[in-house]
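Whatever order the structure lists ligands and atoms in, that order sets their numbers, starting from 1. The shown structure was predicted, so the numbers you read here are calculated from the model rather than taken from an experiment.
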Amino acid sequence: MNGNEENLSSSVQTGLYRVTQEALNNIVKHAKARLVRVEMEITHPGKGTLRIRDDGQGFALHEDYGQCCFGLSGMRERVAEIGGELTITSSRGKGTTVTVSFQATN
Ligand SMILES: Nc1ncnc2c1ncn2[C@@H]1O[C@H](COP(=O)(O)OP(=O)(O)OP(=O)(O)O)[C@@H](O)[C@H]1O
Ligand SMILES: [Mg+2]
């Protein structure tokens, strides 16, 4: 944690919490990771980046999970609700990083 989390609105805090929860769920369920890092940096009041990174087995992002499950699409909705941006990078054998960029909303 880097920066002052008191600057975050409660809706942003809740959104970030839910995304972190599902990202960690997915790591426990799918990743077979040895190392997990959760990092948050707040650069300006209400604005920053949250990153959840694992060194597990990764997965192919181009596969369509729309029918089977709700975790990734739920994350996307959560982040859209708070006006943030979600980026997931992953590749087989190289782990997964979930990044949320967020900024102050009114
Ligand atoms: N950190 C991760 N490491 C490896 N694979 C992952 C990771 N996160 C997601 N996946 C893959 O992406 C798929 C879709 O994830 P998603 O969270 O949408 O569904 P789920 O976890 O299978 O089910 P649900 O979240 O609905 O209980 C997973 O089934 C898994 O194959
Ligand atoms: Mg899931």
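Taking each heavy atom of Asn7 and Gly46 in turn, the nearest pair found is CB-N, 3.4 Å. Taking each heavy atom of Ala23 and Val98 in turn, the nearest pair found is CB-CG2, 4.4 Å.
Arg34 is linked by a salt bridge (Lys or Arg N to Asp or Glu O under 4.0 Å) to nothing, counting only residues two or more places apart in sequence or in another chain. Listed by chain and number, the residues in a side chain to side chain contact (heavy atoms under 4.5 Å, CB included) with Gln103 are Lys47 (sequence neighbours excluded).
Residue Asp54 approaches ligand 1 through these ligand atoms, each under 4.0 Å from one of its heavy atoms: 1 (N). Each of the following atoms of ligand 1 lies closer than 4.0 Å to a heavy atom of Glu22: 17 (O), 25 (O).
Residue Leu72 has at least one nitrogen or oxygen atom sitting less than 3.5 Å from a nitrogen or oxygen atom of ligand 1, judged on distance alone. Where the criterion is an N or O separation shorter than 3.5 Å, residue side chain and backbone included, Lys29 meets it with respect to ligand 1. Ligand 1 has no nitrogen or oxygen under 3.5 angstrom from a nitrogen or oxygen of Phe59. Note: an N/O pair closer than 3.5 Å links Gly71 and ligand 1 by distance alone.
In terms of protein heavy-atom proximity, atom 26 (O) of ligand 1 is closest to Phe70 N, 2.9 Å. Of the protein's non-hydrogen atoms, the one nearest atom 8 (N) of ligand 1 is Asn26 CB, 3.4 Å. For atom 31 (O) of ligand 1, the closest non-hydrogen atom on the protein side is Tyr65 OH, 3.9 Å. Ranking the protein heavy atoms by distance from atom 19 (O) of ligand 1 puts Cys69 CB, 2.9 Å first. Protein heavy atom nearest atom 29 (O) of ligand 1, with residue, atom name and distance: His30 CE1, 3.4 Å.
Between Phe102 and Met40, some side-chain heavy-atom pair lies under the 4.5 Å cut-off.
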Side-chain donor-acceptor distances from residues 85-92 under 3.5 Å, at least two apart:
{"from": "Ser90", "atom 1": "OG", "to": "Phe59", "atom 2": "N", "distance (Å)": "2.9"}
{"from": "Ser90", "atom 1": "OG", "to": "Phe59", "atom 2": "O", "distance (Å)": "3.3"}
{"from": "Ser90", "atom 1": "OG", "to": "Gly95", "atom 2": "O", "distance (Å)": "3.3"}
{"from": "Ser90", "atom 1": "OG", "to": "Thr96", "atom 2": "OG1", "distance (Å)": "2.8"}
{"from": "Arg92", "atom 1": "NH2", "to": "Glu63", "atom 2": "OE2", "distance (Å)": "3.4"}

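Contacts between Thr96 and ligand 1, counted as non-hydrogen atom pairs separated by less than 4.0 Å, involve the side chain only. Contacts with ligand 1 closer than 4.0 Å are made by no heavy atom of Gln57, backbone or side chain.
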For this session: Check the pair Met75 / Asn26 against side-chain contact (heavy atoms from CB on, under 4.5 Å), numbers first and verdict last.
Result: CA-CA 11 Å; Met75 275 191 214; Asn26 279 347; 3.9 Å; yes

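Using modelled atom types, one side-chain atom of Gln13 and one backbone atom of Leu8 make a donor-acceptor pair closer than 3.5 Å.
For Glu5, the CD atom counts as loosely surrounded, since its 6.0 Å shell holds 12 or fewer non-hydrogen atoms of other residues, nucleotides or ligands.
To the nearest 0.5 Å, atom CG of residue Asn25 and atom CD of residue Gln21 are 7.0 Å apart. How far CZ of Arg37 is from CG of Asp55: 11.0 Å, rounded to the nearest 0.5 Å. To the nearest 0.5 angstrom, Lys32 atom NZ is 12.0 Å from Asp54 atom CG.
Under the side-chain contact (heavy atoms from CB on, under 4.5 Å) rule, Ile52 has a single partner from Val100, Thr97, Ile27, which is Ile27.
Protein N/O/S atoms closer than 2.8 Å to the Mg ion (ligand 2): Glu22 OE2, Asn26 OD1.
Taking a 4.0 Å cut-off on heavy atoms, Gly58 registers as neighbouring ligand 1.
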